[in-house]
Amino acid sequence: MSGTRIAVIGSGPRGMMVLERLVARLAEQHGRTGAREPLEVRIFLVDAVEPGAGQVYRTDQPDWFLMNTVAGQISAYSGVPDGGPARAGAGPSFGEWWQAVDPANYPGPDSYAPRGQYGRYLRSVLAAVQESLPPGVRLRCIKERAEDVVRGAGRYRLTLSGGERLDVDRVVLTTGHASNELTGREGDLADFAVRHPELRYIQGGSAADMPLDDIPAGSRVGVIGLGLSFYDVMAALTLGRGGAFAERPDGTLRYLPSGTEPVIVAGSRSGMPLHARGHNQKPPTYSYRPVLFTPERVRAHRPWGPLDFAEHVYPWLKAEIDLVYYGTALRRALGTDSAARFTDRVTSAADTGVPQVADFAEQFGLRDQSPLDLDTLARPFEQQGFTGPAEFRRVLRKEIEQDLANAAEGNVDSPLKAALDVMRDTRWVIRELVDFSGLTARSQRDDFLGWYVPRASFLAAGPPRVRLRQVLALLDSGHLHIVGPHTRYDTDAATGRYVVSSPRVEGSALAVTTLVDARVPDPDLRRNTQPLTARLRERGVWTSYVNREEVPREGVHREPGEAYDTGGVAVTRSPFHPVDHEGRADEGMYVLGIPTEHTRWFMQVGSSRPGMWSDFVRDADRIAEHALEARPASAAVRGAGERPAERRAG
């Protein structure tokens, strides 16, 4: 390990967790060896925006950009406080830190913090890591963009935007969200603005980095999408323009305009803003353990080969969701004992196959509980048409008010919100089943990414309740129009304007002069325009992961089947070495997080719960362990063997 040099490129939450585990492991090793073996390790933390916080959580962003996980359930340390100083391996959760540094303004563990506040917490973690460096270990933070990484004779050479070149033995890339080339419909919309200088087209990305201040007061701005980024854009164009929300005696909000706002014209395929998170009733260390939807049960009924998500995976997941849904309703109606007996009965029945949970609930006396339909929940207006904007607004308000009522009951007491939390709590099961071509190519593309993931994002990854309350206030004030389902974003050459409309709502078309894409760009190596990513792709160091099926024929012979090019960076299994165009794994380089999305799943997660080693922590620790092994970089590249870029299922 003597003289080892490690670069971590990207210092958002994943990069910070890798750094934390590197230093924690080095401290443990120093504790074992003492001064007899100087460590002599040099670590470089490289970030173009803010080392320690990264882009999404940069500390200079306004406080109206909120997180969607409560403060008490987040930690950037791999261990809980142990009575000593905060350091790599042991430190306070975000909520504990916030309470300690600002007790007068700390709103409690079940509150939703500004993203900039979380960035300040991450910076405090960085400071604690720096203070806990063992002898012989040095950390340098560099606020520059990494332009290139080239493997040379025994080392990697990093080129930074300021012109400096660094030679290192290991490179960890946790580069975060993509910036994609605009193609297809998005490209056409952007080109229309180029031809009409009075228009603006703002590409998708972090709302804190969008040029939203340039949008004129009183103008109409179209917003593509009603997901989490929509709420950021909404806040920036209202609270960010000096507006305010006041609470009425009945608990609803009223918008107090500043007069400098534009009018927001928004929509999406569903026509419904993302559902609110249920009021948190779970302690920070709570961990739901599924009893039906487990890898063992799924594989017991499909022991070999790639899975079909719709046939082999989703039925078990839906049974788990239903188990919590009906079990919560039974607990409310008939008590805890009845709910426990119901769960035991369903679990016993699962030994022979996927149980019909609703039938068991009826046997226990629950006959009036409407069944859960994820399609209807995620697309509530799919089968409806509306005579005009006023009618749609009435129906939309009713849907939002019902969602707020469910959310107010809490994520333990509301049957609906408790059940939808299962979709969050079982992500680890899904990852174990679907990552690295766990699904057939067709099923990954169509059933999983095409059907399930959008619905899971809509139903289980929503904003705090206050955002939906603000939506209602803005609808009432006329500063927000949600046009309806299956929203269209068209260009009108005759008027030189964009037109936003819903084919399901008569008379809904509104002309706008600005169009904001409020969707986070889908990670896609093939279209990513970031300089470092583009150079690694062009040289074949990074390749796109292909889910390629093999079809059994007579005997043991297999023939190529359908292939799905995911756009995620091809990596080995842990510790996630990139696999190049010749199928070789580069064992001195590691790629973690968003660039590998679709090779793995849900890589945008940015935290772990206090004291719990989720995949988020384990991934970082495995990289730290491997990066600190005494192995020369000159031998870092070898055939991927059983860890190929195109992982074969079966």
Side-chain angles (χ1 to χ4, degrees), residues 290 292-321 350 353-354 374-375 378 422-423 426-458 460 522-527 543-574 576 578-579 581 583 585 594-604 615 640-650:
L292 301 179
F293 182 50
T294 65
E296 294 77 19
R297 284 194 189 277
V298 173
R299 275 299 178 188
H301 295 273
R302 175 71 173 181
W304 55 270
L307 300 165
D308 182 292
F309 184 82
E311 180 180 353
H312 306 129
V313 180
Y314 181 69
W316 287 102
L317 171 57
K318 182 57 164 59
E320 190 79 42
I321 294 170
V354 181
L374 298 190
D375 265 331
V422 171
M423 302 171 82
T426 58
R427 285 170 180 160
W428 68 272
V429 180
I430 294 178
R431 280 195 293 266
E432 191 164 326
L433 295 170
V434 309
D435 287 359
F436 296 103
S437 301
L439 301 175
T440 67
R442 182 209 59 77
S443 188
Q444 181 185 10
R445 182 190 61 232
D446 299 341
D447 302 331
F448 184 61
L449 296 176
W451 184 84
Y452 176 75
V453 170
R455 283 154 183 78
S457 299
F458 183 89
D522 190 42
D524 190 339
L525 175 64
R526 299 162 297 184
R527 296 194 296 129
T543 57
S544 179
Y545 183 89
V546 179
N547 181 351
R548 191 182 304 280
E549 296 177 39
E550 290 183 335
V551 180
R553 297 303 183 197
E554 293 183 8
V556 296
H557 181 63
R558 290 172 177 262
E559 295 181 359
E562 186 173 358
Y564 171 52
D565 189 337
T566 68
V569 175
V571 293
T572 67
R573 294 182 182 269
S574 180
F576 316 115
V579 182
H581 64 289
I594 290 173
T596 65
E597 183 71 23
H598 305 323
T599 305
R600 306 173 68 202
W601 178 62
F602 205 71
M603 291 292 99
Q604 66 267 36
D615 290 346
E642 291 304 311
R643 298 184 295 185
E646 298 172 8
R647 169 73 59 179
R648 292 181 174 87

Any side-chain donor paired with an acceptor under 3.5 Å for Asp565 and Ser544?
-> yes
What's the verdict on side-chain contact (heavy atoms from CB on, under 4.5 Å) for His301 and His312, showing C-alpha distance, side-chain angles and the deciding distance?
-> CA-CA 8 Å; His301 295 273; His312 306 129; over 6 Å; no
Check step by step if side-chain contact (heavy atoms from CB on, under 4.5 Å) holds for Tyr564 and Arg548.
-> CA-CA 6 Å; Tyr564 171 52; Arg548 191 182 304 280; over 6 Å; no
Test Val571 against every option in Thr599, Val579, Thr543 by the side-chain contact (heavy atoms from CB on, under 4.5 Å) rule and name the one that passes.
-> Thr599
Rounded to the nearest 0.5 Å, the CG atom of Leu374 sits from the CD1 atom of Ile321 at a distance of 5.0 Å
Smallest heavy-atom separation, Leu292 atom then Trp316 atom, equals O-CE3, 3.4 Å
Compare every heavy atom of Arg455 with every heavy atom of Gly450, then report the nearest pair and how far apart it is.
-> O-NH1, 4.2 Å
Any side-chain donor near an acceptor of the partner, Thr596 and Tyr545, under 3.5 Å | no
Applying side-chain contact (heavy atoms from CB on, under 4.5 Å), run through Leu317 and Val298 and close with a yes or a no.
-> CA-CA 10 Å; Leu317 171 57; Val298 173; over 6 Å; no
Interatomic distance, Phe436 atom CZ to Thr572 atom OG1 [nearest 0.5 angstrom] | 6.5 Å
Under the 6.0 Å and 45° cation-pi test, does Arg442 pair with Phe448?
-> no
Interatomic distance, Leu307 atom CG to Thr440 atom OG1 [nearest 0.5 angstrom] | 8.5 Å
Set of side-chain hydrogen bond (donor to acceptor under 3.5 Å, both in side chains) partners for Asp446, sequence neighbours left out | none
Donor-acceptor pair, Glu597 side chain versus Met603 backbone, under 3.5 Å?
-> yes
Would you say the side-chain atoms of His598 and Asp522 include a donor-acceptor pair closer than 3.5 Å?
-> yes
Side-chain (Thr566) to main-chain (Gly568) donor-acceptor, under 3.5 angstrom = yes
Is the side chain of Ser443 donor-acceptor paired with the backbone N or O of Leu439 at a distance under 3.5 Å, no angle test?
-> no
Kindly write out the residues that satisfy side-chain hydrogen bond (donor to acceptor under 3.5 Å, both in side chains) with Glu320, not counting sequence neighbours, or none if the list is empty.
-> Tyr288
What is the minimum heavy-atom distance between Ala563 and Val546, and which atoms define it?
-> CB-CG1, 4.0 Å
Write down the atom of Ala310, the atom of Pro315, and the distance for their closest heavy-atom approach.
-> O-CD, 3.2 Å
Hey, is Arg302 close enough to Glu311 for a salt bridge, meaning N to O under 4.0 Å?
-> no
Whether Phe309 and Tyr452 hold their rings parallel, tilted or perpendicular, with breakpoints at 30° and 60° | tilted
Before giving the answer on side-chain contact (heavy atoms from CB on, under 4.5 Å), spell out for Arg431 and Asp435 the whole-Å C-alpha distance, their side-chain angles and the decisive distance to 0.1 Å.
-> CA-CA 5 Å; Arg431 280 195 293 266; Asp435 287 359; 3.7 Å; yes
Closest contact, heavy atoms only, Arg299 versus Gly438 = NH2-O, 4.3 Å
Which value, rounded to the nearest 0.5 Å, describes the distance between Asp308 atom CG and Tyr314 atom OH?
-> 14.0 Å
